[in-house]
Each structure stands twice: as C-alpha cells, then as structure tokens.
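Some notes on the structure that comes next.
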Protein chains: 2
Amino acid sequence: MSLDHALLVSLLEKPSSGYELARRFDKSIGHFWHATHQQIYKVLARMEEAGWIESEVHRGETAPDRKVFAVTPAGRSALAEWITEPSPIDRARSELMIKFRAAAFDDPRKLLPALAEHRAEHGTLLAAYRANEAKEFSGHDRPLSPQQELQYQVMKLGIAFEETWIAWCDETQALIHRIAPTPSATATKETS
Amino acid sequence: MSLDHALLVSLLEKPSSGYELARRFDKSIGHFWHATHQQIYKVLARMEEAGWIESEVHRGETAPDRKVFAVTPAGRSALAEWITEPSPIDRARSELMIKFRAAAFDDPRKLLPALAEHRAEHGTLLAAYRANEAKEFSGHDRPLSPQQELQYQVMKLGIAFEETWIAWCDETQALIHRIAPTPSATATKETS
DNA sequence: AGAAACATGTAAAGGGTTACATGATTGG
DNA sequence: CCAATCATGTAACCCTTTACATGTTTCT
C-alpha cells in the first residue's frame, strides 16, 4: 500500500499536521494519490506506532492545537527501501469511458453534458498546474536543483494527462455532433 | 459503483460467462476498469438477483459447463438511467510518481530500473492497442458505424495515454542521466 | 501422467468512502 | 449570532485484493 509512503514523502518535504496533509492532497501530490482526512489520520496513527514518524503538539495560543508530524530515521529508511521495490503499472479507471461504451446502445448525445463538465474540470486543473508551474519552476535566474527537476518532472506528467484529456474531450464532442446530429429521436428502439 | 455497469455493457456487447468477462477485462474494456474473476462472479450474482441479467447454463458436451448471462430489459433501462447521472472525474493514482518525489531525498538513479519496466509495459500495451485498432477500426471499405466510432473513440483515449506515458518515460530517463550522471556516491548523507 | 487452460466459486483481510461527532476560532 | 474554516477523530459500509478450493478438458 502506498498512502503510507505518500504521506512520508509529504512529511519529508515539510513536517505537517494531518489537516495540512489533507489539504495538500487536494493539490499537487493529490493528482497522483488522493486521500481524505479520515484516511490520513488513521495512517498517521499507524505510522507513529510503527516508529516511522514522531509527533509534537503545537499549542495554539489563539488557534486550535496542531499535532505536527515529522519523519524519523526509521521512516526515512523505510521509504528508501520502498523505492527500490518494483511497482506495477497503475491501471486507469474511468467511469466516463464505460458510459461511452454504454451510449453505443443508447443515445450518445446524452453524454454531451457530462463531456462538457469533464472538459471544464480538466481545464480548471490544467490552469492550476500551469499557474503552479510558472510560480515554482519558471522565471528563475538560477537553474533548477535536482530536487526541483524531479518534482517538475512529476508535474509535467500531470500536465500532459490533462492536455490529453482536453484534446480528447474536444475531439469527442465534435464526433458526437457528427454521428448524432439531429436533436430529436429519443432512441432505444420504440419500434418494437 | 461502476463495475456493475461495466459488466452490463460488456454483456450487451456480447452475452458471456463470468470466465469470459474476466478475460475480456484484461483486454479492451479493462483499460478503463479492471476487475478480477472473484469480483465479477459476485457482482453477476448480485445483478441476477436484482433482475438486471439472466443466466442460461450451456452444458458443455465436452467442455466444462458455462453459465451465460444476458442483460434483461430491466438491466438495459438501469444502464440507460445511469449514463445520464453526473460522473465525477476519476483521479489518477500512480505509485511511481510518489517514488519520484521520494527519490528527491535519495538517489534518483535507483528509479531507472522501474522506469525502464514501465516504459516496456506501456510499450507492450500500446502495441496491443495498435494491433486491435488495425484489426477492428482500420482498413475497412465502409465507414465505421456510430457504435464502432464510439468504441474507437474510447480506444483512442487509451492509446493517447500510453503515448503520453512513453514520451514521459523517455524524457525522464534522459533527465535522470543528466542530473545524476556519476555511477558512484550512494547518497543519503554519509557526511554526518 | 502432468501441466496448462477452462470454469465457478468462498473467505479473509485490508483499503477507501461516507456519515457521524466534537469543539475552537475567525469574519460578516 | 451564524456560517465558514481550522483541527482531530470514530464507525459503518462497501469495494478490492489475495488466498484458498474444486473439478474438467486439452495438449504434450
């Protein structure tokens, strides 16, 4: 399982509370591994018991208390061991693609709203990545550090996927209009 | 949940036994929704009880008996209803990307073997898709039917993703060689 | 005879999602 | 004062994965 390791990486990058991790998982790292706060708290507890991380309570004079976790040497070496293990390729999962195959037996135009929504969401994501890219990896005088190069490379895959999605959505919208142009005929064999 | 609906689509395309479905889920439709035979048998049982599918046992004179399932009108309308429901975008999940962020704290060269494996597997997948593409969607005299166009469009997304992966793998391999060229220095701070 | 593929399942364990629960602080 | 955000969890349910189980047919 990888949520453990994803959290270790996030904590190496910056010691944080569960709440902060949950928010970060909606952003950069979250593009390749999503997690809710409920899951995160459970895994943090497990890893603390295993000695991979340590917590320190930061009393908030004015704000709520925060339990800030940091990676221990044991956690660090567990991570180092993990990266050498072979990892299987991750299978994509798309409900929308199943719906497209289903639509072959129904009216493809029914998918146009869903398609437009996907197109919009992927567009929003891409814009967010592009903004982050400009802020963190471009416009600097000095060349990027090896660390930054690697992080940027991961981000580039995210960007490439979003671009792939967007191009596909546009192409598909055109296709549907081409193969099912008439805005009548509610289909599914009323002829029987 | 979508495995139910993915199976319905598969059964609409061709009535099949659980075993056949399991094999098909390692191929075309499986690229966007994976499932093992154990899962499939359970879902088939559930859907039969719900009246979405019906089974007929084909006694094999020589081969083992096969329980062949077909979609009922109830199942068909359940599917028609489902495609109009909104579907959230599916989050990608990649262990390898987590490892890349982890490698920023270790030696990136450790990822070269995993990278090569991924590159090879995505290459194999792409070749399989290309072969299928040529067989089913190209080289025909008549233009494709709307059904085929939709199936082809789904496949095109799969192909695009594989190409994205492959390009990224190649680029990344070059990057690692550039930022960590020396085949010594086992890293992780032996200086303390 | 033995291995591989065909064919259909059950069971246990673990991961993930959704709902529930609590309490403090900040901003309108 | 009420809503939103910060902050940390528990519990139930469902899905997924892995292991186990059984029996047949085909090919070598």
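Naming convention: chains lettered A, B, ... in sequence-line order (proteins, then strands); numbering from 1 in each chain.
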* Taking atom C1' of C:dG15 as reference, at what distance in whole Å does atom NE2 of B:H34 sit? -> 17 Å
* Is A:R93 touching bases, backbone alone, or none of the nucleic acid, heavy atoms closer than 4.0 Å? -> sugar-phosphate
* Aromatic ring proximity B:F161/B:H31, centre distance under 6.0 Å -> no
* Would you kindly give the CZ-to-P distance between A:F25 and C:dT17, to the nearest whole Å? => 12 Å
* To do: Return the value, rounded to whole Å, for the distance between atom CD of B:E56 and atom P of C:dT8.
  => 13 Å
* Do A:D90 and B:R93 meet the salt-bridge criterion of a basic N to acidic O distance under 4.0 Å? -> no
* Structure fact -> To the nearest angstrom, the CG-C1' distance between B:D90 and D:dC15 comes to 15 Å
* To do: Indicate yes or no: does A:R130 engage A:E133 in a salt bridge with an N to O separation below 4.0 Å.
  => yes
* To do: Name the closest nucleotide to the A:W33 side chain, picking from C:dG16, D:dT16, C:dT17.
  => C:dG16
Between the protein and nucleotides 7-11 of chain D, are there any N/O to N/O pairs under 3.5 Å, and if so, what are the atom names and distances?
{"unit_1": "D:dA7", "atom_1": "O3'", "unit_2": "A:D65", "atom_2": "O", "d": "3.3"}
{"unit_1": "D:dT8", "atom_1": "OP1", "unit_2": "A:K67", "atom_2": "N", "d": "2.7"}
{"unit_1": "D:dT8", "atom_1": "OP2", "unit_2": "A:Y19", "atom_2": "N", "d": "3.0"}
{"unit_1": "D:dT8", "atom_1": "OP2", "unit_2": "A:Y41", "atom_2": "OH", "d": "3.0"}
{"unit_1": "D:dT8", "atom_1": "O5'", "unit_2": "A:Y41", "atom_2": "OH", "d": "3.3"}
{"unit_1": "D:dT8", "atom_1": "O4", "unit_2": "A:H37", "atom_2": "NE2", "d": "3.4"}
{"unit_1": "D:dG9", "atom_1": "OP2", "unit_2": "A:K67", "atom_2": "NZ", "d": "3.4"}
{"unit_1": "D:dG9", "atom_1": "N7", "unit_2": "A:H37", "atom_2": "NE2", "d": "3.4"}
{"unit_1": "D:dG9", "atom_1": "O6", "unit_2": "A:H37", "atom_2": "NE2", "d": "3.1"}

* Check ion pair B:R178-A:E149 (N to O, under 4.0 angstrom) -> yes
* In whole angstroms, how far is the C1' atom of D:dC6 from the NE2 atom of A:H58? -> 16 Å
* To do: Name the nucleic acid region contacted by B:R46, choosing base, sugar-phosphate or nothing; use a 4.0 angstrom heavy-atom cut-off, strictly under.
  => sugar-phosphate
* To do: Give a yes or no on whether a salt bridge exists between B:R66 and B:E20, defined as a side-chain N under 4.0 angstrom from a carboxylate O.
  => yes
* To do: For A:R24 and D:dC6, give me the distance from atom CZ to atom P, rounded to whole Å.
  => 14 Å
* State whether A:Q39 places a side-chain N or O below 4.0 Å from either non-bridging phosphate oxygen (OP1 or OP2) of C:dT17. => yes
* To do: Evaluate the ring planes of B:W168 and B:W165, with Trp represented by its six-membered ring, and classify them as parallel (under 30°), tilted (30 to 60°) or perpendicular (over 60°).
  => perpendicular
